[in-house]
Amino acid sequence: QVQLVESGGGLVQTVASLRLSCAASGGTISSYAMGWFRQAPGKEREFVAAISWSASSVYYADSVRGRFTISRDNAKNTAYLQMNNLKPEDTAVYYCAASRVYHSDHGLYDYWGQGTQVTVSS
C-alpha cells in the first residue's frame, strides 16, 4: 500500500511560483505513473499533469501547459509539480496520485494523497 503526502502549498500572489512535492512511503513509486490533480471549491476534481514511470512522457492540461512542470525522482520516491506564473484561477487543493497506467483520468488512479492548499491572490 503506497501512502502519498503532498507538501509545498501556500498563499502567494499572482505570478509567483510554488513547488509542490509528493513523498511516497509504504512502497516505491518507480513502477507507477504519477499525476497531479486539483479541486477548487464547488468544482469537480480536474487533471493537471501526469508523468510516466520512467519520466519519458509528460502530459499537461491546457490551462497549465507552459507554466507548470511535473517531474519525479524515483530514487527519492518523490514527485514534484513546479508551478510558475500562478494565477488566481489556479487556487485549489492540489492532490498527487499514483497509477499503474499513464493517463489523465482521475478515476483510474490507485493511490491519493490528502491534498495541499494553493491560494493565489490577485
Got a donor-acceptor contact below 3.5 angstrom from the [X] side chain to the [Y] backbone?
X	Y	value
Glu6	Cys96	yes
Tyr95	Gly35	no
Tyr109	Trp36	no
Thr91	Val120	yes

- Message: Tell me whether the rings of His106 and Trp112 are parallel (<30°), tilted (30 to 60°) or perpendicular (>60°).
- Response: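 Ring orientation of His106 relative to Trp112: perpendicular.
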List in chain and number order the residues that pass side-chain hydrogen bond (donor to acceptor under 3.5 Å, both in side chains) with [X], two or more places apart in sequence or in another chain; answer none if no residue qualifies.
X	value
Arg65	Asp62
Ser121	none
Ser17	Asn84
Tyr32	Arg100

- Query: So, for Leu4 and Ala97, which heavy atoms are closest and what is the spacing to 0.1 Å?
  - Reply: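 For Leu4 and Ala97, the tightest heavy-atom pair comes out as CD1-CA, 3.7 Å.
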- Can you name the nearest heavy-atom pair linking Ser21 to Thr78, along with the distance?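 Smallest heavy-atom distance, with atoms named: CB-CG2, 4.3 Å.
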Euclidean distance, [Y] [atom2] relative to [X] [atom1], rounded to 0.5 Å:
X	Y	atom1	atom2	answer
Gln82	Leu18	CD	CG	8.5 Å
Tyr80	Ile51	OH	CD1	11.5 Å
Leu81	Thr69	CG	OG1	8.0 Å
Asn74	Trp53	CG	CH2	8.0 Å

In chain order, what residues pass the side-chain contact (heavy atoms from CB on, under 4.5 Å) check against [X], with sequence neighbours excluded?
X	result
Ser54	Ser52, Ser56
Ala40	Lys43, Ala92
Asn77	Ala24, Thr28, Ile29
Glu46	Arg38

- Item | Contact check, side chains of Ser7 and Thr116, non-hydrogen atoms, under 4.5 Å |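 Side chain of Ser7 against side chain of Thr116, heavy atoms only: no contact under 4.5 Å found.
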- Item | Contacts of type salt bridge (Lys or Arg N to Asp or Glu O under 4.0 Å), residue Arg67, not counting sequence neighbours |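 Result, salt bridge (Lys or Arg N to Asp or Glu O under 4.0 Å) vs Arg67: Asp90.
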- Item | Pairs involving residues 102-122, ordered by first then second residue, that meet salt bridge (Lys or Arg N to Asp or Glu O under 4.0 Å) (sequence neighbours left out) |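 Qualifying pairs: none.
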- Query: Does anything in residues 70-82 pair up under salt bridge (Lys or Arg N to Asp or Glu O under 4.0 Å), and if so which pairs, sequence neighbours excluded?
  - Reply: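 Found none.
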Are [X] and [Y] connected, step by step, through hydrophobic side chains (Ile, Leu, Val, Met, Phe, Trp, Tyr) whose heavy atoms are closer than 4.5 Å?
X	Y	value
Val93	Phe37	yes
Val5	Leu20	no
Tyr94	Val2	yes

- Query: Can you name the ring pair (Phe, Tyr, Trp, His ring centres under 6.0 Å) partners of Tyr59, sequence neighbours left out?
  - Reply: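 Expected list: Phe47.
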- Item | Gln13 atom CD, over 12 foreign heavy atoms within 6.0 Å |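 Check fails, neighbour count at 12 or below.
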- Message: Taking atom CD as the centre, does Glu44 end up with more than 12 heavy-atom neighbours from other residues, nucleotides or ligands that are less than 6.0 angstrom away?
- Response: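 Not more than 12 within 6.0 Å, no.
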